[in-house]
There are 4 protein chains.
Amino acid sequence: MPRPRSAAADTAILDAARRLFGEGGLGAVTVEAVARRAGVGKQTVYRRYADRNAVLAAAWLEVAEGEVVVPESADPERDLALFLKRLFGAFGANAEPLRSLMAQAQFEPELRQTLRAAFIDRRRATLADLLRRLAPGASQADVGAVVDMAFGAMWYRLLVGHDTPGPALARRLAKLASAALA
Amino acid sequence: MPRPRSAAADTAILDAARRLFGEGGLGAVTVEAVARRAGVGKQTVYRRYADRNAVLAAAWLEVAEGEVVVPESADPERDLALFLKRLFGAFGANAEPLRSLMAQAQFEPELRQTLRAAFIDRRRATLADLLRRLAPGASQADVGAVVDMAFGAMWYRLLVGHDTPGPALARRLAKLASAALA
Amino acid sequence: MPRPRSAAADTAILDAARRLFGEGGLGAVTVEAVARRAGVGKQTVYRRYADRNAVLAAAWLEVAEGEVVVPESADPERDLALFLKRLFGAFGANAEPLRSLMAQAQFEPELRQTLRAAFIDRRRATLADLLRRLAPGASQADVGAVVDMAFGAMWYRLLVGHDTPGPALARRLAKLASAALA
Amino acid sequence: MPRPRSAAADTAILDAARRLFGEGGLGAVTVEAVARRAGVGKQTVYRRYADRNAVLAAAWLEVAEGEVVVPESADPERDLALFLKRLFGAFGANAEPLRSLMAQAQFEPELRQTLRAAFIDRRRATLADLLRRLAPGASQADVGAVVDMAFGAMWYRLLVGHDTPGPALARRLAKLASAALA
DNA sequence: CCTTAAGCGAGACGGTACGTCCAGTCTTTGG
DNA sequence: CCAAAGACTGGACGTACCGTCTCGCTTAAGG
């Protein structure tokens with residue numbers, strides 16, 4: 001009976017959030033500004049998202065969806081390098097918002113949880129699978145450590161800003177991981 | 001000629017900030033609360049720090065000053081493990097504020113710079129030295145990547161929260177780094 | 001379409017302002033205190049009034065609305081005395097806030113205008129009528145001067161505080177006005 | 001032994017206050033601004049004046065000093081008219097600050113007292129003398145009422161702003177006072 | 001076709017913190 | 001002891017968002 005939620009509002013909200021981020025960083029993405037920019041009432045935002053952080057999460061986790069394609073050739077090290085290269089490429093496109101999101105998550109446990117559930121954990125699992133194919137004999141713990149090293153290197157560069165995670169890092173990481181787990 | 005700034009106020013402000021962080025996280029560290037807790041006028045805070053973020057920066061950067069002791073035994077892999085173990089231990093003691101600091105730095109380019117200068121770069125250089133002693137033949141680029149992998153793993157765990165960087169990670173990292181650069 | 005402004009908040013704000021004035025004079029009527037006392041957010045005050053002064057204005061102008069009853073007996077001097085007596089009586093009840101209002105108006109041209117329109121001019125017109133009935137031959141200018149003398153005496157006593165405008169002054173003013181315009 | 005107070009500072013302070021009033025009204029006359037403009041420390045102001053209001057009083061009551069010259073010819077009504085004319089003229093020159101001062105005095109009992117002592121009372125006494133010479137038989141109370149009417153009319157016009165107290169008012173006031181007390 | 005329940009844009013609501021500005025006091029160094 | 005300078009506590013200012021609540025209006029679906 002009730003009127004269904006407007007799909008137009010859905011996209012308008014997330015678009016507005018992304019546009020505002022582009023213009024003024026995370027600080028410009030206030031719920032009020034998003035609602036105004038989207039031509040939507042504040043309540044329409046809060047009907048969809050619990051709070052500001054949920055909006056932020058939705059806006060950029062949506063963007064980051066579906067970017068995890070697992071190559072499955074005969075050469076596991078090539079597969080690994082390719083996977084990381086693609087990942088870093090996709091990341092690079094959204095480096096700024098993801099960096100901000102990770103930072104924001106440090107202040108908001110709930111957002112941190114969401115980030116892990118929607119983003120981190122899946123990627124860790126996928127990389128772990130790839131590594132196990134690469135080195136079937138490696139211990140669970142070593143695989144976990146290598147996963148943290150690979151993603152850690154990427155985030156570390158993003159956060160510290162001394163270098164960019166790109167194809168070169170992907171190649172090197174694949175090589176070093178192979179050697180480490182051999 | 002004018003009255004000099006009160007050193008008592010200096011320490012009272014930073015102490016108050018740290019205590020409030022301990023009690024309620026970053027959100028509890030408002031300028032107003034800091035001033036009240038420190039028994040100081042708000043203006044006295046704003047005379048020292050441009051804004052809330054500057055207060056946060058000062059409070060945690062002061063805490064995070066400290067020695068990086070480099071072990072130099074005959075066994076480079078042991079040295080590496082020991083170095084990382086100590087580092088992770090020292091970090092762990094201030095994990096929460098440092099996590100917040102790194103997050104805050106993502107919103108404050110100036111703080112990010114300070115953080116690198118006072119923290120990150122020194123530790124990266126030290127680790128790079130250790131790695132070069134461990135694997136004299138390794139390329140500069142590989143060493144850099146391994147440094148990012150090691151510190152990256154630590155920060156990544158801190159930020160994502162799925163695991164703690166502790167002695168076990170230190171050992172494993174040392175082992176994997178050895179293997180990777182061999 | 002939006003939710004209409006709360007009438008309860010309207011009255012709560014002005015009541016709070018008046019009560020605070022009663023307790024601590026004009027100095028006690030801060031926007032923050034008003035909001036707190038009224039059980040209202042600061043923004044709710046600022047949504048209605050441009051600033052603190054506008055709140056003060058509204059609070060006392062509302063109080064000061066009231067009838068100017070013109071007695072019309074066969075004895076114009078008695079009528080005059082009665083009119084002034086009533087006026088002074090009504091004034092006396094709100095002497096403090098009105099005194100403050102007149103003072104505040106000296107800093108706020110807009111309020112000064114409002115005060116004249118809602119207050120001063122009507123009373124001046126009424127008194128001028130009464131005086132013309134009392135002394136049909138008096139010049140317009142003399143009548144105007146006497147009006148200023150009568151109200152002036154009242155305000156002067158209020159502002160300077162050396163004496164109170166009461167029935168005695170009303171009688172004397174009526175007598176002197178009669179003599180002056182004869 | 002003690003260094004004497006600087007006369008230069010004395011005048012610099014009051015000049016600064018008057019200049020600031022000219023530029024931005026009473027609101028611009030803060031103690032800090034006065035001190036800065038006068039090239040003087042805040043304490044030097046507070047050494048001379050109890051508080052901001054005392055500075056204001058000093059700045060404009062000094063200006064208004066010595067303006068009361070009592071004419072003593074054979075024609076008391078002419079004397080009265082002349083006295084009022086001069087008074088209004090002197091007033092007119094400082095109408096704005098005196099208006100502000102009277103307004104401010106409504107919020108600051110101490111200032112109100114000062115204003116009376118240094119200004120109002122002397123003028124009232126002088127006018128009462130003149131009136132007694134004009135009408136030796138008039139009752140004390142009637143004289144007092146006429147004094148309030150005359151000064152009241154002046155202040156009333158100043159405060160309400162519907163007309164200016166000038167020579168015309170002075171003449172009319174003299175005439176009406178004569179008639180009233182006859 | 002007509003209820004009816006929920007969605008909608010708009011923006012008011014109680015709160016809380018921000019960063020600014022003065023008041024009036026205190027504390028330096030230097031006449 | 002006076003002076004200039006400016007730091008000190010204290011507290012109000014007016015602004016900006018947060019997340020909630022409430023208007024009048026619109027839009028399905030089920031009776």
Side-chain angles (χ1 to χ4, degrees), chain A residues 1-6 8-9 12 27-36 38-54, chain B residues 1-6 8-9 27-36 38-53, chain C residues 1-6 8-10 12 27-36 38-53, chain D residues 1-6 8-9 27 29-36 38-53 55:
Chain A
M1 277 210 270
R3 177 187 188 169
R5 294 212 178 153
S6 153
V29 189
T30 69
V31 176
E32 252 156 20
V34 166
R36 203 176 319 120
V40 135
K42 266 168 78 171
Q43 193 56 48
T44 299
V45 177
Y46 279 110
R47 206 173 286 119
R48 289 162 168 72
Y49 304 103
D51 55 18
R52 179 184 182 251
N53 292 311
Chain B
M1 279 216 269
R3 175 202 220 175
R5 298 231 174 133
S6 154
V29 189
T30 69
V31 176
E32 255 154 20
V34 167
R36 203 176 319 120
V40 136
K42 255 169 83 168
Q43 192 56 50
T44 298
V45 178
Y46 279 111
R47 207 173 285 119
R48 289 163 167 70
Y49 305 104
D51 55 18
R52 177 184 183 250
N53 292 316
Chain C
M1 279 219 267
R3 190 220 279 227
R5 300 234 172 128
S6 154
D10 284 348
V29 189
T30 69
V31 176
E32 255 156 20
V34 167
R36 203 176 317 119
V40 136
K42 257 169 83 167
Q43 193 55 50
T44 298
V45 177
Y46 280 110
R47 208 172 284 120
R48 289 163 167 70
Y49 305 103
D51 55 18
R52 177 186 182 250
N53 292 316
Chain D
M1 267 289 125
R3 179 181 183 172
R5 292 208 180 159
S6 154
V29 189
T30 69
V31 176
E32 252 156 19
V34 166
R36 203 175 319 120
V40 136
K42 267 168 78 170
Q43 193 56 48
T44 299
V45 177
Y46 279 109
R47 207 172 285 120
R48 288 163 168 72
Y49 304 103
D51 56 19
R52 178 184 183 252
N53 293 310
V55 178

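All values derive from a computational prediction rather than experimental measurement. Protein chains get the first letters and strands the later ones, always in sequence-line order, with residue 1 at the start of each.
Residues forming a side chain to side chain contact (heavy atoms under 4.5 Å, CB included) with D:Tyr49 (at least two apart in sequence, or on another chain): D:Ile13, D:Leu14, D:Val45, D:Ala54, D:Val55, D:Ala58. Evaluation of the side chain to side chain donor-acceptor pair (under 3.5 Å) rule for B:Arg48 yields B:Asp10 as partners, not counting sequence neighbours. Applying the salt bridge (charged side-chain N to carboxylate O under 4.0 Å, His left out) test to D:Arg36 and every residue at least two apart in sequence or in another chain returns nothing. For A:Arg3, there are no side chain to side chain contact (heavy atoms under 4.5 Å, CB included) partners, not counting sequence neighbours. Residues satisfying the side chain to side chain donor-acceptor pair (under 3.5 Å) criterion with D:Asp51, sequence neighbours excluded, are absent altogether. Among residues two or more places apart in sequence or in another chain, the side chain to side chain donor-acceptor pair (under 3.5 Å) test is passed with D:Gln43 by none.
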remark   = With sugar-phosphate taken as primed atoms, P, OP1 and OP2 and all else as base, the protein-contact string of nucleotides 26-31 of chain F at under 4.0 Å (heavy atoms; B, S, -) is BBBSS-
ask   = Along nucleotides 10-16 of chain F, 5' to 3', which nucleotides get a B, which get an S, and which get a -, given that the test is a protein heavy-atom distance under 4.0 Å?
value = B-BBBBB
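In this model, the phosphate group of F:dA4 is approached by a side-chain N or O of D:Thr44 to a distance below 4.0 Å at OP1 or OP2. In this model, the phosphate group of F:dA3 is approached by a side-chain N or O of D:Arg47 to a distance below 4.0 Å at OP1 or OP2.
Here E:dG9 presents its P atom at 8 Å from CZ of A:Arg48, a figure rounded to the nearest Å.
A donor-acceptor pair under 3.5 Å links the side-chain atoms of A:Arg52 to the main chain of A:Val29, judged by distance alone. Here the side chain of C:Arg5 pairs a donor or acceptor atom with the backbone of C:Arg47 at under 3.5 angstrom.
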